[in-house]
Protein chains: 2
Amino acid sequence: MVKLENMKNIFLSDSVINLDHGDPTAYEEYWRKIGDRCTVTIRGCDLMSYFSDVNNMCWFLEPKLAEAIKELHDAVGNAATEDRYIVVGTGSTQLCQAAVHALSSLAGTQPVSVVAAAPYYSTYVEETTYVRSGMYKWEGDAWGFDKKGPYIELVTSPNNPDGTIRETVVNRPDDDEGKVIHDFAYYWPHYTPITRRQDHDIMLFTFSKITGHAGSRIGWALVKDTEVAKKMVEYIIVNSIGVSKESQIRTAEILKVLKETCKSETENFFEYGHEMMKNRWEKLRGVMKESDVFSLPKYPEAYCNFFGKTLGSYPAFAWLGTKEETDLVNELRRRKVMSRAGERCGSDKKHVRVSMLSREDVFNVFLERLANMKLIKSIDL
Amino acid sequence: MVKLENMKNIFLSDSVINLDHGDPTAYEEYWRKIGDRCTVTIRGCDLMSYFSDVNNMCWFLEPKLAEAIKELHDAVGNAATEDRYIVVGTGSTQLCQAAVHALSSLAGTQPVSVVAAAPYYSTYVEETTYVRSGMYKWEGDAWGFDKKGPYIELVTSPNNPDGTIRETVVNRPDDDEGKVIHDFAYYWPHYTPITRRQDHDIMLFTFSKITGHAGSRIGWALVKDTEVAKKMVEYIIVNSIGVSKESQIRTAEILKVLKETCKSETENFFEYGHEMMKNRWEKLRGVMKESDVFSLPKYPEAYCNFFGKTLGSYPAFAWLGTKEETDLVNELRRRKVMSRAGERCGSDKKHVRVSMLSREDVFNVFLERLANMKLIKSIDL
């Protein structure tokens, strides 16, 4: 009799695997093990109103979520939460647009230029162009950006797609026309050493990439300036009249467990995530080592304040390059691996972004296909 | 000893009551009574992926929700669901913007004019102007609209704010540049007789106004055309990468109970809602009757296919008018009643929109203050 697991592998072995999106299903296993601790029960009469807290400027933010967010940041030490507003959004996607909107509406002249250093998160391009707003304009790569007037720089650190630690690159001393949105989606201990408590004007975080709960569509912004926070809230009101209460209370529950277990020796999610990511990266680098076809970025080690030791970086995406003059996204597609084209990230055909957060079996099939590509390439040469 | 209920009334009797928003908390009581039947339980490992159904064009739509939507429309008989796409949104607010975006992006020339017959839902103005899109332009009142080129007419029926039954008003025979979005948020049996099974190109519905679950932020569109549906899905992907799964599965559960009980004699939600709304409207009209200061629209009776009898309309908002030359929103504000200014709805200072869906005690305080206003007015004269 063929075992179910084998059936699944036989099926997988010939199917297209999608590593284009960063669907973080890798973490399901952990949450299965954690059992009922994170289970939420919602009665028919719960959470009916538009309003979560009429005394909060962000009146659609559930107080329990606000509390859980603050406590988690305090426990992890990755961001300052005091003296700032928390704005909740339908994923950090909605918040990024809310922040660009807010900063633009407060700028002296419009359209405001929006830039990010290449390679950048390809979705920024779509987010800042699809409605053809007159308030802001996507100006592409921040390296070499020198247009006069107000601008917004999107800084993602660790960076999506290439996992590097980023600072602003548009350098205009004494220029108060430049605003920065820091996207810290991946600034969590399983991906990168926590070297400092971030303390910027606008910092974005997303539930999806911390714990893997992408389906909940919850993100939050930590915002210093009152006017910016107010404008972001206004954007979210007109865009969707607030954010799902069910997702908010579930997120609050899960973040609470995350915080409670984050010093535990056996249940620490970040420890689990770190081990898994490290293991995957080692496997991937193992395959790469045998290859003279592919390249991967190297990351420096750093002292992680959270884990209390020196560690490497294990990003959520692999930024895969090739030394050959080839269209890598097509090469991979031919081997039934879907990835995101480097060109969409402001880079070139020789690079692709590949998700490292797929389910384990999918990740292993990916490694297998990569290893085979290397062989085929060698024969080709 | 002062009873809690009395304390609450004493507190309420002097506080500002907000009937500007249509927060549908009136229905909480019903859902409290229904007990555990609608309770949903979500484990930590559930609903983690971005994807609900990779084989559906709208891949972020939970199949259970799609099924519940179809079954409910079939049971109520208010809209055709066959041969069309279901697109789920973060409330119908997001869907309305997705539809305007989709139709505009498919139009031959831009910006596309967007109009609605006054008095209209004031939020349409904000939704179509806040991002200052180059793709479409809010052109205000559809009555008298005669601009050349492509246009979108928003038809809300029963209408928000005035509860009237609406058809398109821009009359251009043989003009294929005109598109219509039908907003059927209130086309449910507790508000208005169900006289026909609606069968238009783009029909919007919202969970908030059916059952009162505004906090869930769930809406859906029934869309005939493939290209329009595809563009709407694209909009929602860039806007928020889909819609909360927690809200979707809870909505599915509640819609299922709604459908199961909708022929019941004792538990029929629509019967309950209808009785409550009828009762509130009768009380309100009672207060009005004594008044020569205020006016309310009158609604014709019609045969309701759902209830199988001739019934009146009991809209979710009262469109309150005054015969005096006065700024009604300010008059009410002075009596600590917040309402929406008629001017925001494309009407005048002599009209306001007042929510009929508040909690019972708030509604009663509203009636009391109205009755007193009448007296004060009489003394003023």
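All values below were derived from every heavy atom in this structure, side-chain atoms included, with hydrogens, water molecules and symmetry-related copies excluded. Keep in mind the model is a prediction, meaning the values are calculated, not measured. In the text below, chain A, chain B and the rest are named by the order of the sequence lines, each starting its count at 1.
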>> Please classify the contact of B:T211 with chain A as side chain, backbone, both or neither, using a heavy-atom distance under 4.5 Å.
In response: backbone
> So what's closer than 4.5 Å to chain A heavy atoms on B:E29: side chain, backbone, both or neither?
Replying inline: neither
> Using non-hydrogen atoms only, which part of B:I34 is less than 4.5 Å away from chain A: side chain, backbone, both, or neither?
Replying inline: neither
>> What verdict does the side chain to side chain contact (heavy atoms under 4.5 Å, CB included) test give for B:V362 and B:L19, after you've listed the backbone C-alpha separation in whole Å, the side-chain angles of each residue and the deciding distance to 0.1 Å?
In response: CA-CA 9 Å; B:V362 172; B:L19 302 175; 4.0 Å; yes
>> Going by side chain to side chain contact (heavy atoms under 4.5 Å, CB included), A:N160 matches just one of A:R353, A:K209, A:R340. Which one?
In response: A:R353
>> Could you check, using the six-membered ring where one of them is a Trp, whether A:W220 and A:F207 have ring centers closer than 6.0 angstrom?
In response: no
> What residue, out of A:V40, A:V243, A:V257, has the most heavy-atom pairs lying under 4.5 Å from chain B?
Replying inline: A:V40
> Under 30°, 30 to 60°, or over 60°: which ring-plane class applies to A:Y30 and A:Y272, parallel, tilted or perpendicular?
Replying inline: tilted
>> So, taking the atom named CG in A:D183 and the one named SG in A:C96, what distance separates them when rounded to the nearest 0.5 Å?
In response: 6.5 Å
>> Quick check for you: among B:G219, B:G91, B:C38, which has the greatest number of heavy-atom pairs under 4.5 Å with chain A?
In response: B:C38
> Are B:E28 and B:R32 within salt-bridge range, i.e. N to O under 4.0 Å?
Replying inline: yes
> So, are A:R250 and A:E253 salt-bridged, with charged N and O less than 4.0 Å apart?
Replying inline: no
>> Under 4.5 Å from any heavy atom of chain A, what part of B:Y27 do you find: side chain, backbone, both or neither?
In response: both
>> Using heavy-atom distances under 4.5 Å, tell me whether B:V54 contacts chain A through its side chain, its backbone, both, or neither.
In response: neither
> Taking the side chain as C-beta and beyond, is there a heavy-atom pair between B:E246 and A:I249 under 4.5 Å?
Replying inline: no
> When you look at B:M48 and A:T25, which way does the side chain to side chain contact (heavy atoms under 4.5 Å, CB included) test go after all the steps?
Replying inline: CA-CA 7 Å; B:M48 292 186 66; A:T25 44; 5.5 Å; no
> Are there residues of residues 122-133 of chain A that reach to under 4.5 Å of chain B by heavy atoms, and which ones?
Replying inline: A:E126, A:E127, A:Y130, A:V131, A:R132, A:S133
> What residue, out of A:G215, A:S216, A:G35, A:S208, has the most heavy-atom pairs lying under 4.5 Å from chain B?
Replying inline: A:G215
>> Can you tell whether the side chains of A:E267 and A:R37 come within less than 4.0 Å, N to carboxylate O?
In response: yes
> So what's closer than 4.5 Å to chain A heavy atoms on B:N18: side chain, backbone, both or neither?
Replying inline: neither
>> As an exercise: rank A:D23, A:T41, A:T90 by heavy-atom pairs under 4.5 Å with chain B and give me the winner.
In response: A:D23
>> Tell me which of these, A:D36, A:I237, A:I42, A:I218, has more heavy-atom pairs under 4.5 Å with chain B than the rest.
In response: A:I42
> Between A:Q248 and chain B, which part of the residue has a heavy atom less than 4.5 Å away: side chain, backbone, both or neither?
Replying inline: neither
>> Which atoms of B:R43 are under 4.5 Å from chain A, going by heavy atoms: the side chain, the backbone, both sets, or neither?
In response: both
> What part of B:Y136 lies closer than 4.5 angstrom to a heavy atom of chain A: side chain, backbone, both or neither?
Replying inline: neither
> If you count heavy-atom pairs under 4.5 Å with chain A, which of B:Q94, B:K33, B:H101 comes out on top?
Replying inline: B:H101
> Quick one: does B:S104's side chain get under 4.5 Å of B:I152's, heavy atoms only?
Replying inline: yes
> When you measure from the side chain of A:S92 to the backbone N and O of A:L95, does any donor-acceptor pair fall under 3.5 Å?
Replying inline: no
>> Less than 4.5 Å apart, side chain to side chain, heavy atoms only: is that true for A:S52 and A:N56?
In response: no
> Can you tell which of B:N239, B:L47, B:T39 has the highest number of heavy-atom pairs within less than 4.5 Å of chain A?
Replying inline: B:N239
>> Between A:D46, A:I254, A:I241, who has the most heavy-atom pairs with chain B when the cutoff is under 4.5 Å?
In response: A:I241
> Hey, would you say the A:W188 and A:F205 ring centroids sit under 6.0 Å apart?
Replying inline: yes
> Side chain, backbone, both or neither: which part of A:Y235 has an atom under 4.5 Å from a heavy atom of chain B?
Replying inline: both
> Measuring heavy-atom distances to chain A, does B:H213 have an atom under 4.5 Å in its side chain, in its backbone, in both, or in neither?
Replying inline: both
> Are any of the side-chain heavy atoms of B:Q97 and B:T93 separated by less than 4.5 Å?
Replying inline: yes
